[in-house]
Structures are given as structure tokens and as C-alpha cells.
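Here the structure comes first, spelled out in C-alpha cells, and everything after it is commentary.
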Amino acid sequence: MARTQVAIIGAGPSGLLLSQLLHLHGIDNVVLERQSREHVAGRIRAGVLESGTVDLLLQAKVGERMLSERLVHDGFALGFAGSSFRVDLKRFTGGAVSVYGQTEVTKDLTDARLAAGAKLIFDAGDVSLQGFEGPQPTVRYSHAGRTHTLECDFIAGCDGYHGVCRRNIPAGASQSFERIYPFGWLGILTDVPPVADELIYSNHERGFALCSMRSPTRSRYYLQCPLDENLEQWPDSRFWDELRCRLPERVGESLITGPSIEKSIAPLRSFVVEPLKFGRLFLVGDAAHIVPPTGAKGLNLAAADVRVLYQGLVEHYRTGGTELIDRYSEICLRRIWKAVRFSWWFTSLTHKFSADPFNHRLQLAELDYLTGSNAALASLAENYVGLPIEDMKS
Ligand code: APR
Ligand code: PHB
């Protein structure tokens, strides 16, 4: 029977980053990923990194390409009532965000893990967990036509919202909190220059729109759409026409259009499960929480969980101490709930929730207040760039 110190379920950003950081600290780990390497590498996700996430990638020694290719943004724009207003992140926080696609983060982490000879097992099927409430957890999985059993000290459930780890938690041992939004995001990726140098979040009576990017020559755009929207009803021409309608006129006029190279619809939800630790099983990243992408917090929250867990495991293997791993849930949930609140608030402010014109007037009044108040702008800015990484010992 094979053995490792930490079994990591899932090779998304959470699992790969945890694996790399543990490896650098001499902690043996095995990553079990259900999908193929190509499937994982082909995922298109968000692309805004907080400085804390940048720092953690640098700690993991996978930040070189990110530092050379990222776009550093000192601000973003809010579009509403026909015009746009720049939120000056640097002025209110002294900080900035980095635009660098999650696809690239995953590639950098995968390349680093494989170069280091990591036990990174793709196409691992039928993962099941046993004994994680005792001192000797095991993980069973199938691979290359055989069933394997892996003994370990700890299991990191980095297997996302639809993963197996959260479902292994004994009934009644956890509490879930969820809000499903009555709309989704229709997103396209296209190789044309972005319409602006910084992101634009647009509140419009027809619905929300977001102008983002991956590089000076690759743009990423989103439109709020009904949950039951049919992608086949959205040829590129319709997408561009609708996007132009939802942007401030001056912005829409300078929109450069082109063929989509990826087009998809994603639902929006807020979700948290408590607690995040069950015996020797830890839930990490999307396995533990989901936020609407409006605040660009998903990947950054996952990185924050990884930071707490890897430091707790390093403490344990170095000193035998368990303070950090015992407090994993408490420490992570404080940041998680503040990010869930911010993402819910920013989504509520910018998206169309009903045809009731009263709701839209309320949103416009809040945007008018927000853009006229330094206090309100400072609050928006410090949440967007990422709240300070708190001292975990406090
Ligand atoms: N067995 C093994 N692997 C699994 C299983 C399973 N039963 N179920 C899911 N997985 C894998 C998925 O194939 C995926 O590669 O776990 C990985 C989970 O990765 P993510 O869903 O990307 O979650 P996470 O790594 O926490 O990253 C969070 O990803 O989806 C975005 O918006 C999200 O930016 C956030 C980030
Ligand atoms: C993206 O570029 O995909 C993106 C950027 C900012 C967000 C959400 C998505 O808030």
C-alpha cells in the first residue's frame, strides 16, 4: 500500500499550489485529479490576482512568468447612467491588482510540479476517502485499470464545488449557506485589443456587462444573461451588439470586435460550508466556498486557504504543533465571509435583479453616492485589492 504525508484531491489552483508549497517545505504529497491534464489546462476562468496571491505564487517559486506577463492595474471603472467613473485603487489603498489568467496560473503550477517529479496523477477515478476522522486516513482511487489505496496523515479536499470531499462529511456535521443568483454570465474570449486599459464593470438597465482582458491583444467580455439562456442563440454579432448597448456610449464606440475563441455561460452562486476541517480532512478553495465572479475573489480566496493550510502543516511536521491546523476553519472563515459579503454586495450593486425600475433607481443612487464619497470608495478599493493578510496567531 502506497503512503504519503498529504493526499491532495484535485489539481486545480488550490491543489497544485498546496502541492508545490508542501514540496518546497519537504512535505511529501500526492495529487489525485479526476480529469486529464489537457482538460484541466483548457479551463478558462477569471484573471485578477490580489497582491497576497502574487506573493504566495512567488513563495511557491512559480511567479516568474506571471511577473513578466501580468498587467498591473491601479484602478478600474464603474459604468452607469451613461458615463464611467474610475475607482483609483492606488489612491485609496496604495495597492493594485494583477491581471493574469487563472489558466496561466494553473499552467505555471502544473509545469513546476511535473518538473519537480511530483506524484501528480491525472485521470484518477472513483476517489473515495476513509478514516479521516481517525489518525490514519486512506484514499482509494482507480487509475490505468487498477484500484489503488493511499495511506496518508492528512487529506486536502481541493476538488472544487462538485467534488467528492465535501460529500464525505458526515450528515449533520456541517452547515451550508447558499444563495443562487437568478442569472448567469455569458463570457467570450477573443483575440482583439481590450476596449480600455483597465476593467470596466457596467450597470445597465438591460443588465450587467464586464470588459476585462488577458493581455494587450486578448480580451475577455461578459454579459449578464438569464440562467436558461441558450448559447446557440448568441452568435458573436449578437454578443457584440448587446455589449455595446450596455456600455457607456463613448466606450461602446471604441469597442474592437472579433471572432470568439471561447464562449460559455456560467451560473452564479454564493456558497460556504462550515466548518472546513473534519478530523484530518481539510476543505480548500471552491470545495469550501463559491463566490459570484464579480469581485474576482474565487482564486484569491482559494490561495488564502492554501496559505493557512500549508503553514499549519509545516508547523505540524516541524514541531508536532497543531495550533494552526486546529484553527484552520476559524482563520479561513473570517476572510471567506468578508469576501462572500463583498462579492454579494458588488453583484447586487451592478446586476439587474428585476424589471422593477425602483430597484434600478436604488442602484443608481448607491453608485452616485459611492462615486462621490471618498469613504465609500476607500471601502470598495480595499475590498477589491484584497483585505490585509491577518496575522494568523492573533
Ligand atoms: N476526484 C479527483 N479530482 C476531482 C474530483 C474527484 N472526485 N472532483 C473534482 N476534481 C477536480 C476537478 O477536475 C478540478 O480540476 O478538482 C479540481 C478542482 O479545481 P477548481 O474547481 O478549479 O477549484 P480550486 O482548485 O479550488 O480553484 C478555485 O477555480 O473554478 C475556479 O472560480 C474558481 O477561481 C476559483 C478557482
Ligand atoms: C476575468 O477577466 O475573467 C474577470 C475579471 C474580473 C472579474 C471577473 C472576471 O471580476
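Every number for a ligand or one of its atoms is a count from 1 in the order of the listing.
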### Message
Tell me the protein heavy atom at minimum distance from atom 8 (C) of ligand 2, and give that distance in Å.
### Response
Pro293 O, 3.2 Å
### Task
Could you tell me whether Arg280 sits above the aromatic face of Phe154, with NZ or CZ closer than 6.0 angstrom to the six-membered ring centre and within 45 degrees of the axis?
yes
### Test salt bridge (Lys or Arg N to Asp or Glu O under 4.0 Å) applied to Arg206 - qualifying residues, sequence neighbours left out
Glu242
### Query
Is there a nitrogen or oxygen of Thr294 sitting under 3.5 Å from a nitrogen or oxygen of ligand 2?
yes
### Query
Can Gln224 and Tyr181 be counted as having a side-chain donor-acceptor contact under 3.5 angstrom?
no
### Query
Is there a donor in the side chain of Gln130 and an acceptor in the side chain of Thr138, or the other way round, less than 3.5 Å apart?
yes
### Query
Do His360 and Asn203 get their side chains close enough for a donor-acceptor pair, meaning under 3.5 Å?
yes
Output block, N or O contacts of ligand 1, threshold 3.5 Å exclusive:
unit_1   : atom_1 : unit_2 : atom_2 : d
ligand 1 : 3 (N)  : Arg34  : N      : 3.1
ligand 1 : 8 (N)  : Arg34  : NH2    : 3.4
ligand 1 : 13 (O) : Glu33  : OE2    : 2.6
ligand 1 : 13 (O) : Arg43  : NH2    : 2.8
ligand 1 : 15 (O) : Glu33  : OE1    : 2.7
ligand 1 : 15 (O) : Glu33  : OE2    : 3.3
ligand 1 : 15 (O) : Arg43  : NH1    : 2.6
ligand 1 : 15 (O) : Arg43  : NH2    : 3.2
ligand 1 : 25 (O) : Pro13  : N      : 3.3
ligand 1 : 25 (O) : Ser14  : N      : 3.0
ligand 1 : 25 (O) : Ser14  : OG     : 3.4
ligand 1 : 26 (O) : Ser14  : OG     : 2.7
ligand 1 : 26 (O) : Asp286 : N      : 3.0
ligand 1 : 29 (O) : Gln102 : NE2    : 3.0
ligand 1 : 30 (O) : Arg45  : NE     : 2.7
ligand 1 : 30 (O) : Asp286 : OD2    : 3.3
ligand 1 : 34 (O) : Gln102 : OE1    : 2.6
ligand 1 : 34 (O) : Leu299 : N      : 3.1

### Query
Should Trp185 be listed as contacting ligand 2, given a heavy-atom distance under 4.0 Å as the test?
yes
### Query
In the protein, what heavy atom is nearest to atom 3 (O) of ligand 2, and what distance, to one decimal place, separates them?
Tyr222 OH, 2.6 Å
### Query
If you measure from the Lys or Arg side-chain nitrogens to the Asp or Glu carboxylate oxygens, is any gap between Asp241 and Arg238 under 4.0 Å?
no
### Message
Centroid separation under 6.0 Å, is that true for the rings of Phe239 and Tyr221?
### Response
no
### Query
Charged N to carboxylate O below 4.0 Å: is that the case for Asp28 and Arg3?
no
### Message
I'd like to check which ligand 2 atoms, numbered from 1 as shown, lie under 4.0 Å from a non-hydrogen atom of Val48.
### Response
5 (C), 6 (C)
### Message
Checking the N or O distance criterion of under 3.5 Å, is ligand 2 in contact with Ser212?
### Response
yes
### Task
With sequence neighbours left out, write down each residue that passes ring pair (Phe, Tyr, Trp, His ring centres under 6.0 Å) with Phe346, or none if nothing qualifies.
Tyr201, Phe342
### Task
Please determine if Met213 has a nitrogen or oxygen closer than 3.5 Å to a nitrogen or oxygen of ligand 2.
no
### Co-members of the apolar cluster containing Ile256 [side chain, <4.5 Å]
Val192
### Query
Does the distance from a Lys or Arg side-chain N to an Asp or Glu carboxylate O, for Arg214 and Glu262, drop under 4.0 Å?
no
### Sub-4.0 Å atoms of ligand 2 with respect to non-hydrogen atoms of Leu199
5 (C), 6 (C)
#### Entry: Proximal ligand 2 atoms for Tyr201, defined as those under 4.0 Å from one of its heavy atoms
6 (C), 7 (C), 10 (O)
### Task
Report, in ascending order of atom number, the atoms of ligand 2 lying under 4.0 Å from any heavy atom of Leu210.
6 (C), 7 (C), 8 (C), 9 (C)
